[in-house]
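Whatever order the structure lists them in is the order used to number ligands and atoms, beginning at 1. Treat the numbers as computed from the prediction; the structure is a model and nothing was measured.
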Amino acid sequence: MLKQATDQAIREAAEIIKSGGLAAFPTETVYGLGANALAGTAVAKIFEAKDRPKFNPLISHLTSLEEAEKYGAFNDRARKIARAFWPGPLTLIVPRKENCEISELASAGLATIALRVPSHPVALKLIEYAGVPIVAPSANKAGTLSPTTPAYVAQSFGPDLFVLAAGGTQVGLESTVLDLTGEGPALLRHGAILKEDIEAVLECEVTIDTEAKDNKPKSPGQLLRHYAPSIPLRLKAVDVEQGEALLAFGSVKFMGVKGGGFAKDLPPHAYKNLSETGDLYEAAANLFSYLHALDNSKNKGIAVMDIPDQGLGIAINDRLKRAAA
Ligand code: TXA
Ligand code: MG
């Protein structure tokens, strides 16, 4: 449903986001589909709503550099560029802080995080009222046009989605994405903040790596790497080998360990259940942190139980298949 972005409506949208739901909102670039970045199950809903068959990392939106520094590790260069262009259409990729509270699903398991302080007053108010960072991809279905008007967003997602309407967006192009985690700064996506603008502030060269985003190898090391565990993954497992860990989904009541014993008695370093009740939102929210937890030197591999290939299960299986390859 379309709602004119009055103060009251912004508070309503903030309430929806705080309580784990989705709401669309305007930024100066395009409309975003927002969720509470701290709640994995809320972030999972975004992938389902967008019909994205893959878990791509998402941008977390904040109200200031100070807030951003709670989650990302900024060096002098990152601070300098943030001070020059925030609030504005620039997304910075920085390392996640050690105790970063933003859901690992928002980073798709990577050790880095995308952060942006938008300049649109409605976006800033919404983040402030929600009191949490808001993760938001562009509010379009996967593979369709950028959402520059509220009507387009409402049309794409149907009447159930709360859309804060504030006319057409000013920039109309997604934000520039700058990766600061490599040797030198690299531009991963072109936007209104130009390479030259960034070079002028940083007084150094910025490489262009816009193909890295799509994983088309160009300059190795700058690729958007997908997280994969360092030990082998075995999919659709119906039992557990000696020395293997189990990444379970649903009940493990009848699952055995080869050579004797039951999966339910595995030690904590070798057992995680994505969702005991078989809830795919919960499973998506837990996926990366549980893979990280089981990817330890005590386990020789990870057996993963079958996950239904429907809804969010498609994205979960996509990532598991790539991790297993
Ligand atoms: O203008 C925008 O950026 C809009 C508004 C809503 O803020 N958002 C947007 O989000 O365009 P999305 O999800 O459509 O695009 C996010 C981009 C993707 O190209 C993604 O690969 C990249 O940011 N990205 C996110 N996290 C990353 C990371 N950790 N490393 C590299 N790239 C990352
Ligand atoms: Mg997009």
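- For a threshold of 3.5 Å applied to N or O pairs, the pair formed by Y31 and ligand 1 contains no separation below that value.
- By heavy-atom distance, the residue among P26, P57, G109 lying nearest atom 25 (C) of ligand 1 is P57.
- Using modelled atom types and a 3.5 Å distance limit, the side chains of S146 and T148 yield no donor-acceptor pair.
- In summary, E15 and K18 engage in a salt bridge, as defined by a charged side-chain N under 4.0 Å from a carboxylate O.
- Backbone and side-chain nitrogen or oxygen atoms of E174 are examined, and none is located within less than 3.5 angstrom of a nitrogen or oxygen of ligand 1.
- Near S138, meaning under 4.0 Å from one of its heavy atoms, ligand 1 places the atoms 8 (N), 9 (C), 10 (O), 12 (P), 14 (O).
- Residue contacts with ligand 1 for D179 are absent, since no atom lies close enough (heavy atoms, distance under 4.0 Å).
- For the residues H120, R189, E28, the heavy atom positioned nearest atom 18 (C) of ligand 1 is part of R189.
- Among the backbone and side-chain atoms of S146, none of the N, O or S atoms lies under 2.8 Å from the Mg ion (ligand 2).
- Residue N56 places no heavy atom under 4.0 Å from ligand 1.
- Shown in contact with H61 at under 4.0 Å from a heavy atom are these atoms of ligand 1, numbered in order with element: 5 (C), 6 (C), 7 (O).
- Salt bridge present: R322 and D318 bring a charged side-chain N and a carboxylate O closer than 4.0 Å.
- Taking the ring centre of Y129 as origin, the terminal cationic atom of R11 falls inside the region bounded by 6.0 Å and 45° from the ring axis.
- A centroid separation of 6.0 Å or more is found between the aromatic rings of F25 and Y31.
- Taking the six-membered ring for Trp and the full ring otherwise, the centers of H292 and Y227 sit less than 6.0 Å from each other.
- Looking at ligand 1, you'll find an N or O of R116 within less than 3.5 Å of one of its N or O atoms.
- Near L188, the atoms of ligand 1 lying under 4.0 angstrom from a non-hydrogen atom of the residue are 31 (C), 32 (N).
- For the salt bridge (charged side-chain N to carboxylate O under 4.0 Å, His left out) with R116, the lone residue among E28, E174, E67 that qualifies is E28.
- For the pair K97 and Y71, the cation does not sit on the ring face, since its NZ or CZ is not both under 6.0 Å from the ring centre and inside 45° of the axis.
- Close N/O approach between T27 and ligand 1 is not found [any backbone or side-chain N/O within under 3.5 Å].
- With a heavy-atom cut-off of 4.0 Å, T112 touches ligand 1 through backbone and side chain alike.
- Below 4.0 Å from some heavy atom of I93 lie the following atoms of ligand 1, by number and element: 27 (C), 28 (C), 29 (N), 30 (N), 31 (C), 32 (N), 33 (C).
- At least one heavy atom of A136 sits under 4.0 Å from some atom of ligand 1.
- Ion pairing between K125 and E128 fails under the 4.0 Å rule for side-chain N and carboxylate O.
- With respect to the salt-bridge test (charged N to carboxylate O, under 4.0 angstrom), the residues K3 and E12 qualify.
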